[in-house]
Amino acid sequence: MLVSQFKCATAYQMYHALALLLVALLSSTAQESQTFFAVAGWAFIAGTIVFSGSLYALSLTDIKWLGAITPLGGVAFLIGWGCLAVAAFNFK
């Protein structure tokens, strides 16, 4: 079980690192929606720290209460993807 948590943390960290690159690329060329791109970027960073960080710590230390904060990182990821979708929809 600990290995699967570690794998999940690394996968989500990798996917959202790529999403951060996408946010940086799109926001550098966008005329509008800079606020949504900024919120998306910060939400991806916060989500990676909380989600992946808590799973890393849980798999390495086996402290059970860390699993309770993992969904907060998932919420940050959802906020990031939502803001990225709105920004991309308004992209000109």
Side-chain angles (χ1 to χ4, degrees):
M1 178 151 156
L2 300 178
V3 173
S4 65
Q5 292 169 346
F6 200 87
K7 281 184 178 182
C8 181
T10 56
Y12 275 80
Q13 184 178 359
M14 181 190 66
Y15 298 144
H16 289 91
L18 294 174
L20 274 170
L21 290 174
L22 178 66
V23 167
L25 177 69
L26 291 176
S27 70
S28 68
T29 60
Q31 299 292 327
E32 299 175 6
S33 301
Q34 290 294 324
T35 304
F36 286 110
F37 282 122
V39 172
W42 285 110
F44 288 148
I45 291 170
T48 299
I49 291 169
V50 175
F51 185 87
S52 294
S54 65
L55 285 179
Y56 286 138
L58 180 63
S59 66
L60 295 174
T61 64
D62 204 30
I63 299 173
K64 299 294 183 199
W65 65 267
L66 289 170
I69 63 170
T70 304
L72 297 175
V75 170
F77 284 151
L78 289 173
I79 291 169
W81 285 112
C83 287
L84 183 59
V86 169
F89 183 73
N90 294 328
F91 188 78
K92 292 182 181 179

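Quick note: residue numbers are just sequence positions, from 1.
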> For L84, which of F37, F89, F36 qualifies under side chain to side chain contact (heavy atoms under 4.5 Å, CB included)?
Replying inline: F37

> Do V86 and W42 belong to the same hydrophobic cluster, where Ile, Leu, Val, Met, Phe, Trp and Tyr are linked whenever their side-chain heavy atoms lie under 4.5 Å apart, directly or via other members?
Replying inline: no

> Closest heavy-atom contact between K64 and L58?
Replying inline: CA-CD1, 4.0 Å

> Between S54 and L66, what is the shortest heavy-atom contact and its length?
Replying inline: CB-O, 3.7 Å

> How are the rings of H16 and Y12 set relative to one another: parallel (under 30°), tilted (30 to 60°) or perpendicular (over 60°)?
Replying inline: parallel

> How about Y56 and Q13: does a side-chain donor come under 3.5 Å of a side-chain acceptor?
Replying inline: yes

> Tell me, do L26 and V23 make a side-chain contact under 4.5 Å, heavy atoms counted?
Replying inline: no

> Counting distance only, does the side-chain N/O of S52 pair as donor-acceptor with the main-chain N or O of I49 below 3.5 Å?
Replying inline: no

> How many angstroms lie between CH2 in W65 and OG1 in T70, if you round to the nearest 0.5 Å?
Replying inline: 10.0 Å

> Does the side-chain contact (heavy atoms from CB on, under 4.5 Å) test come out yes or no for T48 and F77, once each step is laid out?
Replying inline: CA-CA 8 Å; T48 299; F77 284 151; 3.7 Å; yes

>> How close do L55 and A9 get, counting heavy atoms only, and between which atoms?
In response: CB-CB, 3.7 Å

>> Could you see if I45 belongs to whatever hydrophobic cluster contains F51? Use Ile, Leu, Val, Met, Phe, Trp, Tyr and a side-chain cutoff under 4.5 Å.
In response: yes

>> Can you confirm whether V75 sits close enough to V50 that some side-chain heavy atom of one is under 4.5 Å from a side-chain heavy atom of the other?
In response: no

> For the residue pair A40 and G80, what are the closest heavy atoms and their distance?
Replying inline: CB-O, 3.5 Å

